[in-house]
Amino acid sequence: MGSNDGENDEKPIHEVALNSFLISKYEVTQGQWQKIMNNNPSNFKGDNNPVEQVSWDDCQEFCKRSETESASGGKTGLRLPTEAEWEYAARAGTTTKYYWGDSINDDYLWDNSNLGTHPVGQKKPNGFGLYDMLGNVWEWCQDWYGAIYYQTSSKK
């Protein structure tokens, strides 16, 4: 993960080991958020638009409230992906600058210059069938930010 062409906190490219995980094919929509949290803090309203204007703590509460009973009687809940999981899911096995190639392609990416969001799933998915992995809104990750984390992190 990482980039040798990016910002200093994205360097160096380094190998990580991941356990299996699940990730939604779409960003959490305002309709989903409203159903679980009974509010919609988003500036750019639309049931199928991604929720925005939420904090990391808000997302933790959403995940907690989304827990359901599994068939075996235990709790099944949601969590945010780690940064390594998110990057793996976003890249979908590619080694190019973007998951679709080396240059900007509007078939995959929203131009956010109009300062708004768009309904999820309207652009082409990546190789894993995941939508809106770049553009539309920023995503929260489970783990913490560290300016030199990539330089000091272990493989595991």
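When hydrophobic residues (I, L, V, M, F, W, Y) are linked wherever their side-chain heavy atoms come within less than 4.5 Å, the members clustered with Tyr26 are Val120, Tyr131.
Considering every non-hydrogen atom in both Asn126 and Ala90, the closest pair reads ND2-O, 3.1 Å. Between Ala92 and Gly127, the shortest heavy-atom distance links the atoms CB-N, 3.7 Å.
Using a 4.5 Å heavy-atom cutoff, the side chains of Trp110 and Gln122 are in contact. Within the 4.5 Å cutoff, side-chain heavy atoms of Ser66 are placed close to those of Leu78.
Under the side chain to side chain donor-acceptor pair (under 3.5 Å) criterion, Gln53 pairs with no residue at all, not counting sequence neighbours. Applying the salt bridge (charged side-chain N to carboxylate O under 4.0 Å, His left out) test to Glu139 and every residue at least two apart in sequence or in another chain returns nothing. Contacts of Tyr88 classified as side-chain contact (heavy atoms from CB on, under 4.5 Å), with partners at least two apart in sequence or in another chain: Leu18, Phe21, Phe128. For the salt bridge (charged side-chain N to carboxylate O under 4.0 Å, His left out) test, residues two or more places apart in sequence or in another chain that qualify with Lys124 are Asp107.
Rounded to the nearest 0.5 Å, atoms CH2 (Trp86) and CG (Leu130) are 10.5 Å apart. Distance CG/Leu80 to SG/Cys59: 5.5 Å, rounded to 0.5 Å. In this structure, the separation between CH2 on Trp140 and CG on Asp58 is 9.0 Å, given to the nearest 0.5 Å. With rounding to the nearest 0.5 Å, the separation of CG in Leu109 from CG in Leu134 is 6.0 Å. From Met133, atom CE reaches atom NZ of Lys25 across 13.5 Å, with rounding to the nearest 0.5 Å. Taking OG from Ser103 and OH from Tyr98, the interatomic distance works out to 8.0 Å, rounded to the nearest 0.5 Å.
Counting non-hydrogen atoms of other residues, nucleotides and ligands closer than 6.0 Å to CG of Asn43 gives a total above 12.
The main-chain N or O of Lys123 is never found under 3.5 Å from a side-chain atom of Asp132 such that the two would form a donor-acceptor pair.
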### Task
Start with the C-alpha distance between Glu52 and Trp138, add both sets of side-chain angles, then the distance that settles side chain to side chain contact (heavy atoms under 4.5 Å, CB included), and finish with yes or no.
CA-CA 8 Å; Glu52 27 91 13; Trp138 288 43; over 6 Å; no

### Message
One pair to check against side chain to side chain donor-acceptor pair (under 3.5 Å): Asp102 and Thr96. What are the steps and the verdict?
### Response
CA-CA 6 Å; Asp102 286 318; Thr96 52; 4.7 Å; no

### Task
Show your working on side chain to side chain contact (heavy atoms under 4.5 Å, CB included) between Gln142 and Glu83 and close with a plain yes or no.
CA-CA 7 Å; Gln142 185 65 32; Glu83 184 176 358; over 6 Å; no

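Side-chain atoms of Asn49 and Thr117 form a donor-acceptor pair, as typed in the model, at a separation below 3.5 Å.
Using a 4.0 Å cut-off between charged side-chain N and carboxylate O, Glu85 and Arg79 make a salt bridge.
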Listed pairs under 3.5 Å, donor-acceptor, residues 31-41 side chains, sequence neighbours left out:
from	atom 1	to	atom 2	distance (Å)
Gln32	OE1	Thr29	N	2.8
Gln32	OE1	Thr29	OG1	3.3
Trp33	NE1	Asn39	OD1	2.9
Gln34	OE1	Asn40	N	3.4
Asn40	OD1	Ser42	N	3.1
Asn40	OD1	Ser42	OG	3.1
Asn40	ND2	Gln30	OE1	2.9

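In this structure, Tyr99 and Tyr108 have perpendicular ring planes: the angle between them is above 60°, well past the 30° mark.
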